[in-house]
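First the structure, in the form of structure tokens, and then the observations on it.
Computed from a predicted model, the values in this text were never measured in an experiment. Note that the numbering runs from 1 along the sequence shown for the chain.
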Amino acid sequence: MLTETVAGRTYDYSHNVGRGAQSGMGFNWPNSMTFAPDGTVYVANRGSESISNVGWNRTGVGQRISKLTIGAEWGEEEFLGEFSRYGNGDGQLIWPAGIACNDQGEVFVTDEWLNRVSVFGKDDKLIRSFDTVQPGEEEPNGAAGIAIANDGTIYVSDSRSHKVRMFKNDGTFISSFGSKGVSEGQFDAPWGLTVDYDDKVYVADFNNDRVQKFSADGKFEAQIGRPGNKRGDLSGPTDVAVDPDGDIYVCDWTANRWDRGRVHIFTAEGQFLTSLVGDAQQLSQWAQMTVDANDDYAKRRREVRSTEPEWTFAQPTAVEWDTANNRLMVADTQRSRLQIYKKQSGYLVPQLNL
């Protein structure tokens, strides 16, 4: 369903951007994205590890930050370049996890292996970095999601120590909240997170199959979603976004184990509205360029029984709300693309708005 109206809201599939590429014009396992104040989109690519006849090794391929603009329609996107590369040196990445941008246009990237945040400027050069693990913390750690509040406070989730840490803009540690468990305010492998327009913090609580909402200082306020196998239930949520109307978008990585991932939409009060399953019926501009350049690619696509399987999400990892354009962006990770949905008002089919 390319266009769906529910409870007075209309979600209209727009187009998708991307293709698989180890470098250059494309993505390599995109797992998070963010918008700069000037509209530039930054995408963190998780990349891949290499496997040899002596086993798994840490020689990464494709770990980088892609930089692009995304127009209003298909084919209007522009690849602007990429920066960083695999490694543990200054400005390098091993397991890039989350990415966020502040109001000065600085880009913050978490590294799950190195447990640090690298901060890049508009010129793509490293400005500073800081460790997420504090002195004396002995439990396993894995910096995951990152979000920045209106006052500049930085929130970083840690999926292995099961907490959320708070930092100042310069990396000075403020405090943390959460511990491992299933009670309110506890986590089991928290992943993506976001801060809404009222500075409320939402955390995707992956192994607890829920999203939790907190005050700015980390006090529990509400739970969104619940584990289960019914439509709208959660099973492995990886990220969350909130639009200016308060609607909540939850990226469900495995979607109850019976399909390849969904994005669930809830009201501000936590009432389930609908789910998006992916609607990429047309190849992206970059993917179409690849097909057009190789006759065999085009022939093989025409020979398949149905192209429907490629429309849908394949383990989507992240969601981000594009406020300037009133649209949702989904990191369709295994497909190495971004799928984009517009939220429309005043949709001209009255019977659907009942």
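- Ile65 and Phe130 are members of different hydrophobic clusters when ILVMFWY side chains are connected at heavy-atom separations under 4.5 Å.
- Looking at heavy atoms from C-beta onward, Ser159 lies in side-chain contact with Glu112 at the 4.5 angstrom threshold.
- For the atom pair CD (Gln212) and CZ (Phe220), the distance works out to 5.5 Å, reported to the nearest 0.5 Å.
- Judged by distance alone, the side chain of Asn102 and the main-chain N or O of Ala149 form no donor-acceptor pair under 3.5 Å.
- Looking at Arg226 and Asp209, no side-chain N of the basic residue comes within less than 4.0 Å of a carboxylate O on the acidic one, giving no salt bridge.
- Residues Leu114 and Trp95 are members of one and the same hydrophobic cluster, defined by side-chain heavy-atom contacts under 4.5 angstrom among Ile, Leu, Val, Met, Phe, Trp and Tyr.
- Side-chain atoms of Thr110 do not come within 3.5 Å of backbone N or O of Gly145 as any donor-acceptor pair.
- Ion pairing of Glu106 with Lys122 is absent here, as no side-chain N (NZ or NE/NH1/NH2) approaches a carboxylate O to less than 4.0 Å.
- Between Trp321 and Tyr249, the angle of the ring planes stays under 30°, which puts this pair in the parallel group of the 30/60° scheme.
- More than 12 heavy atoms of other residues, nucleotides or ligands sit less than 6.0 Å from atom CD of Glu139.
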*Quick one: do Leu93 and Trp113 satisfy side-chain contact (heavy atoms from CB on, under 4.5 Å)? Show the steps, please.*
CA-CA 9 Å; Leu93 304 166; Trp113 182 265; over 6 Å; no
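- When hydrophobic side chains of Ile, Leu, Val, Met, Phe, Trp and Tyr are connected at separations under 4.5 Å, Leu68 ends up clustered with Val17, Met25, Phe27, Met33, Phe35, Val41, Val43, Ile70, Phe79, Trp286, Met289, Met329, Leu338, Ile340.
- Around atom CD of Glu303, more than 12 heavy atoms belonging to other residues, nucleotides or ligands sit under 6.0 Å away.
- Of the options Val240, Thr333, Asp239, a side-chain contact (heavy atoms from CB on, under 4.5 Å) to Cys251 is made by Asp239 and by none of the others.
- In this structure, Tyr42 and Phe83 have side chains that are in contact, with non-hydrogen atoms separated by less than 4.5 Å.
- Other residues, nucleotides and ligands contribute more than 12 heavy atoms inside 6.0 Å of the CZ atom of Arg128.
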*Test log, rule side-chain contact (heavy atoms from CB on, under 4.5 Å), inputs Val291 and Arg301*: CA-CA 9 Å; Val291 172; Arg301 290 193 77 247; 4.0 Å; yes
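- In this structure the side chain of Phe120 never reaches within 4.5 angstrom of the side chain of Ile127, judged on heavy atoms.
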_Before you tell me yes or no, could you show the steps for Glu4 and Thr274 under side chain to side chain donor-acceptor pair (under 3.5 Å), namely the whole-Å CA-CA distance, both residues' side-chain angles and the distance that decides it to 0.1 Å?_
CA-CA 9 Å; Glu4 181 175 1; Thr274 191; 2.6 Å; yes
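- Checked for salt-bridge contact, Asp217 and Lys219 meet the test: a charged N lies under 4.0 Å from a carboxylate O.
- Met166 is connected to Val195 through a chain of hydrophobic side-chain contacts under 4.5 Å among Ile, Leu, Val, Met, Phe, Trp and Tyr, so both are in one cluster.
- Between the side chain of Ser157 and the backbone N or O of Trp191 there is at least one donor-acceptor pair closer than 3.5 Å.
- The six-membered or imidazole ring of Phe266 lies near that of Phe272, with a centre-to-centre distance under 6.0 Å.
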*After noting the C-alpha distance and the side-chain angles of Glu78 and Lys67, does the key distance pass the salt bridge (Lys or Arg N to Asp or Glu O under 4.0 Å) rule?*
CA-CA 9 Å; Glu78 181 182 0; Lys67 185 177 178 180; over 6 Å; no
*asked:* Please evaluate residues Tyr341 and Tyr11 with respect to the criterion ring-ring contact (aromatic ring centres under 6.0 Å, His included), reporting the C-alpha separation (whole Å), side-chain torsions for both, the decisive distance (0.1 Å), and the verdict.
replied: CA-CA 6 Å; Tyr341 289 82; Tyr11 298 98; 8.0 Å; no
*How far apart are the C-alpha atoms of Asp205 and Arg210, what are their side-chain angles, what is the distance that settles it, and do they pass the salt bridge (Lys or Arg N to Asp or Glu O under 4.0 Å) test?*
CA-CA 5 Å; Asp205 193 1; Arg210 64 186 178 184; 2.9 Å; yes
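- Counting heavy atoms of neighbouring residues, nucleotides and ligands inside a 6.0 Å radius, atom CG of Asp151 exceeds 12 of them.
- No side-chain heavy atom of Arg337 sits under 4.5 Å from any side-chain heavy atom of Ser284.
- Ion pairing between a basic and an acidic side chain is recognised when a charged N comes within 4.0 Å of a carboxylate O; Arg327 and Glu320 show no such pairing.
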*Any chance you could lay out the side chain to side chain donor-acceptor pair (under 3.5 Å) test for Gln315 and Gln334, step after step, and finish with the verdict?*
CA-CA 6 Å; Gln315 293 187 324; Gln334 283 197 348; 2.7 Å; yes
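- Shown are Arg231, His264, Arg262; of these, the side-chain hydrogen bond (donor to acceptor under 3.5 Å, both in side chains) with Ser275 is made only by His264.
- Here the CG atom belonging to Asn325 is positioned 8.5 Å from the NZ atom belonging to Lys342, to the nearest 0.5 angstrom.
- At a threshold of 4.0 Å, the pair Asp247-Arg9 counts as salt-bridged, since one of the basic side-chain nitrogens sits closer than that to a carboxylate oxygen.
- By the 4.0 Å N-to-carboxylate-O rule, Asp111 lies too far from Arg116 to be salt-bridged with it.
- No donor-acceptor pair under 3.5 Å is formed between the side chain of Asp131 and the backbone N or O of Val133.
- In this structure the side chain of Ser336 reaches within 4.5 angstrom of the side chain of Pro30, judged on heavy atoms.
- The shortest distance between side-chain heavy atoms of Val182 and Asp188 does not fall below 4.5 Å.
- Within 6.0 Å of the NZ atom in Lys180, the count of heavy atoms belonging to other residues, nucleotides or ligands does not exceed 12.
- Within the model, atoms CD of Glu82 and CG of Asn28 stand 10.0 Å from one another, a figure rounded to the nearest 0.5 Å.
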*Begin from the C-alpha positions of Asn141 and Thr132 and carry the test side-chain contact (heavy atoms from CB on, under 4.5 Å) through to its verdict.*
CA-CA 9 Å; Asn141 291 277; Thr132 58; 6.0 Å; no
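- Both Phe173 and Ile154 belong to a common hydrophobic cluster when Ile, Leu, Val, Met, Phe, Trp and Tyr are linked at side-chain heavy-atom distances under 4.5 angstrom.
- A donor-acceptor pair under 3.5 Å links the side-chain atoms of Asp252 to the main chain of Ser235, judged by distance alone.
- In terms of hydrophobic clustering, with Ile, Leu, Val, Met, Phe, Trp and Tyr side chains grouped at heavy-atom distances under 4.5 Å, Phe108 and Tyr155 are assigned to different clusters.
- How far OG of Ser175 is from CD of Gln134: 10.5 Å, rounded to the nearest 0.5 Å.
- Within the 4.5 Å cutoff, the side chain of Asn88 has heavy atoms near those of the Ile94 side chain.
- Salt-bridge formation is detected for the pair Asp245/Lys343: a Lys NZ or Arg NE/NH1/NH2 atom is positioned less than 4.0 Å from an Asp or Glu carboxylate oxygen.
- Under the 6.0 Å cut-off for aromatic ring centres, Phe214 and Phe187 qualify, their centroids lying closer than that.
- To the nearest 0.5 angstrom, Lys200 atom NZ is 6.0 Å from Ser215 atom OG.
- Proximity of a side-chain donor or acceptor of Asn45 to a complementary backbone N or O of Gly47 within less than 3.5 Å is not detected.
- Counting heavy atoms from C-beta on, the side chains of Lys163 and Phe177 never come closer than 4.5 Å.
- The structure places OG1 of Thr323 at 2.5 Å from OH of Tyr197, a figure rounded to the nearest 0.5 Å.
- The two residues Pro316 and Val330 make their nearest non-hydrogen contact at CB-CG1, 3.9 Å.
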*Begin with the C-alpha distance, continue with both residues' side-chain angles, and end with the deciding distance and a verdict on side-chain contact (heavy atoms from CB on, under 4.5 Å) for Thr312 and Arg335.*
CA-CA 9 Å; Thr312 57; Arg335 307 288 195 200; 4.0 Å; yes
